[in-house]
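What follows is a short report on a single structure.
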There are 2 protein chains.
Amino acid sequence: MGTRTGTGTGETTGRQQPRLPLSRERVLRAAVDLADRDGLEAVTMRRLAQDLGVEAMSLYHHVANKGAILDGLIEVVLEEIAEAADRAEAPPAGQDWQAALRARILAARQVLLRHRWAPRLLEERAALNPRLIGYFEGLLGILRAGGFSWDLAHHALHALGSRAIGFAQELFTPDDRDAAYDEATEMIAQMAERLPNLTGMLAEVMHNDPDSTLGWCDDQFEFEFGLDLLLDGLERRRAAGGPVRPRRS
Amino acid sequence: MGTRTGTGTGETTGRQQPRLPLSRERVLRAAVDLADRDGLEAVTMRRLAQDLGVEAMSLYHHVANKGAILDGLIEVVLEEIAEAADRAEAPPAGQDWQAALRARILAARQVLLRHRWAPRLLEERAALNPRLIGYFEGLLGILRAGGFSWDLAHHALHALGSRAIGFAQELFTPDDRDAAYDEATEMIAQMAERLPNLTGMLAEVMHNDPDSTLGWCDDQFEFEFGLDLLLDGLERRRAAGGPVRPRRS
DNA sequence: ACCTGAACACCGTTCAAGT
DNA sequence: ACCTGAACACCGTTCAAGT
């Protein structure tokens, strides 16, 4: 579609350099650029190689396969989100939990707007990514500091779900729910000292409901909880009357 | 993966029948079954043909191409949603808008849970589908009957967004926003008599903001509006204290 | 150690040919 | 009218070969 030189050193369009060597980092940077430009379906081994001025097979010396590239893309985005969320200025978390959460979520959104392909990828293959779990650990910490019970904080994470990270509906929809919950439980247990909030929440939720050691979330309940939050809030604004905002922001 | 006979009449596994002829309907039914069973990426022309006991090329006599099959899948799901939403028993809309909306949205959710592949497909290529627009027209009618201003009803649709139909974030994220909004505006105008609520909303929103004849939604504002609904609601439940629910439903 | 060309099993699709 | 086989331009990936 776009113009294409077809030869040369690809992204480094300067004069003939000694051909700087390929690396995992260069491959991932090119993949991010390609996905930002032309979407995720444009990220093929052959096109990526073309952008790098190299043959498709050369990529396999720096990444195991295409799946590793997709996982690398996830890593890049989650790093950007973590960085943006940490930079987001907000009150010291203990003071105003709403402002703290709001700032972090809006910062994450800015990253996702730069990488439109990211939500789908995160939904498809990031459920157990430690960095993503760490992000939710941070949100949970803010809720706890704001006075939330473990129970309510748990439901709050579900309700915020798609807004907190930009993907849809059920927060996680793995192929094998029970296995995925098992893996998540184990991962949190192994990182207990670094994930105090998630560990505490998990203990509470499983204590409240000893039957369901597997699958400790009731998706239908969580869906209705989030839906009712919205419906109640809308009813309140309706009853209050008046315009939603004076001018377009 | 699964067992596969490789020959015979496919889904009609009875004895040698006179080979009932292919049709668009049979192709779509087989495609829905295949997607339900093995996911959307399993829906290839060759595998679909295999399930139907036919060669891949035969499919092209009943559908224009693969895109037409995907659009057909969308049509099937939206029909099921419309049917389920209409069947959902609820108060006569004028009485209790929350119950009416809730019933329709939960009915839609049941359909989407049967077809896990549907949200992605809807998000990718159903933005301008008349049946989907008709579904939102119905939701908007409930809000209006419940006493919502056009303005607040508009924001309510955005806030419910992903929950109302099961897909994410921005409600619609077409490649070319302005062109898509243009098309949507035109489509609503052409169907004005069948879409009184959307027509009314559109007139109001464009009157309030005459600058933006194109792109009549401010995504950032809508995101924050929905986010704040959730944050306010969570704060209210937190302040109220007590468990969220006595037992697991 | 790093890169490559040919090849394989998959895609969607076209086209000329069969009944 | 309906179905098919061969072929084309794409995929991801393997493997033996080049430097």
Side-chain angles (χ1 to χ4, degrees), chain A residues 1-2 4 6-12 16-31 34-35 38-74 117 120-121 124-125, chain B residues 1-2 4 6-12 16-31 34-35 38-74 117 120-121 124-125:
Chain A
M1 311 283 177
R4 170 138 295 117
T7 61
T9 51
E11 91 222 274
T12 51
Q16 239 64 356
Q17 260 157 333
R19 155 103 93 173
L20 85 159
L22 229 45
S23 69
R24 189 184 127 87
E25 281 63 42
R26 276 191 69 212
V27 171
L28 290 185
R29 245 189 304 124
L34 182 52
D38 295 333
L40 203 55
E41 75 288 346
V43 181
T44 70
M45 300 302 272
R46 282 171 172 85
R47 244 195 101 175
L48 194 50
Q50 204 176 102
D51 283 7
L52 287 160
V54 103
E55 294 301 313
M57 310 318 143
S58 307
L59 301 175
Y60 286 88
H61 289 271
H62 301 94
V63 295
N65 49 35
K66 189 174 176 183
I69 293 179
L70 297 179
D71 290 337
L73 289 180
I74 288 173
W117 42 269
R120 207 182 104 193
L121 212 47
E124 272 171 8
R125 52 194 301 151
Chain B
M1 316 280 175
R4 168 135 299 116
T7 61
T9 51
E11 92 221 90
T12 52
Q16 239 65 355
Q17 260 159 331
R19 155 104 94 169
L20 84 159
L22 229 45
S23 69
R24 188 183 128 86
E25 281 63 42
R26 276 192 68 214
V27 171
L28 289 185
R29 244 189 305 123
L34 183 52
D38 295 332
L40 203 55
E41 75 289 345
V43 180
T44 70
M45 300 303 271
R46 284 171 172 86
R47 245 195 99 176
L48 194 49
Q50 204 176 100
D51 283 6
L52 288 161
V54 102
E55 294 301 314
M57 309 318 141
S58 307
L59 301 175
Y60 286 88
H61 289 272
H62 300 94
V63 295
N65 50 35
K66 189 174 176 186
I69 293 180
L70 297 179
D71 290 338
L73 290 179
I74 289 173
W117 43 269
R120 206 183 106 191
L121 212 48
E124 272 172 7
R125 52 193 302 150

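Reminder, nothing fancy here: chain letters follow the sequence lines and each chain counts from 1. These figures come from a predicted structure and were not determined experimentally.
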> Considering all heavy atoms of both residues, which atom of B:A30 and which atom of B:L48 are nearest to each other, and what is their separation?
Replying inline: C-CD1, 3.7 Å
> Rounded to the Å, how far apart are B:L22 CG and D:dC2 C1'?
Replying inline: 10 Å
Below 3.5 Å is the cut-off: list the nitrogen or oxygen pairs between protein and nucleotides 16-19 of chain D, distance only.
none

> CD of A:E55 to CD of A:Q50: how many Å apart, nearest 0.5 Å?
Replying inline: 9.5 Å
> Between A:E55 (CD) and C:dT4 (P), how many Å, whole number?
Replying inline: 5 Å
> Between atom CG of A:L40 and atom CG of A:L34, what is the distance when rounded to the nearest 0.5 Å?
Replying inline: 9.0 Å
> Rounded to whole angstroms, how far apart are CZ on A:R24 and C1' on C:dA1?
Replying inline: 19 Å
> Does any residue of residues 62-73 of chain A have a heavy atom under 4.0 Å from DNA chain C, and if so, which ones, in number order?
Replying inline: A:H62
> To the nearest Å, how far apart are B:Q50 CD and D:dT4 P?
Replying inline: 13 Å
> How many angstroms lie between NE2 in A:H62 and CD1 in A:I69, if you round to the nearest 0.5 Å?
Replying inline: 11.5 Å
> When rounded to the nearest 0.5 angstrom, what is the spacing between CG in B:L59 and NZ in B:K66?
Replying inline: 11.5 Å
> Tell me, do B:V43 and B:W117 make a side-chain contact under 4.5 Å, heavy atoms counted?
Replying inline: no
>> How long is the straight-line distance from CG of B:D51 back to CZ of B:R29, given to the nearest 0.5 Å?
In response: 12.5 Å
> What residues form a salt bridge (charged side-chain N to carboxylate O under 4.0 Å, His left out) with B:E124, not counting sequence neighbours?
Replying inline: A:R120, B:R120
> How far does CZ of A:R26 sit from CG of A:L28, to the nearest 0.5 angstrom?
Replying inline: 12.0 Å
>> For Watson-Crick and G-U wobble pairs within 3.5 Å on both distances, what is DNA chain D written in dot-bracket notation, | included for inter-strand pairing?
In response: ||.|||||...|||||.||
> Looking at the side chain of B:V54, which of D:dG12, C:dG12, D:dT4 is the nearest nucleotide?
Replying inline: D:dT4
>> With nearest nucleotide decided by heavy atoms, which residue, A:M45 or B:R46, maps closer to the 5′ end of DNA chain D?
In response: B:R46
> side chain to side chain donor-acceptor pair (under 3.5 Å) with A:R125: which residues, sequence neighbours excluded?
Replying inline: A:D71
>> Does D:dT13 have its OP1 or OP2 closer than 4.0 Å to a side-chain nitrogen or oxygen of A:Y60?
In response: yes
> Under 4.0 angstrom, heavy atoms only, what part of the nucleic acid is A:S58 near: base, sugar-phosphate, or nothing?
Replying inline: base
> What does A:M57 touch in the nucleic acid at a heavy-atom separation under 4.0 angstrom: a base, only the sugar-phosphate, or nothing?
Replying inline: base
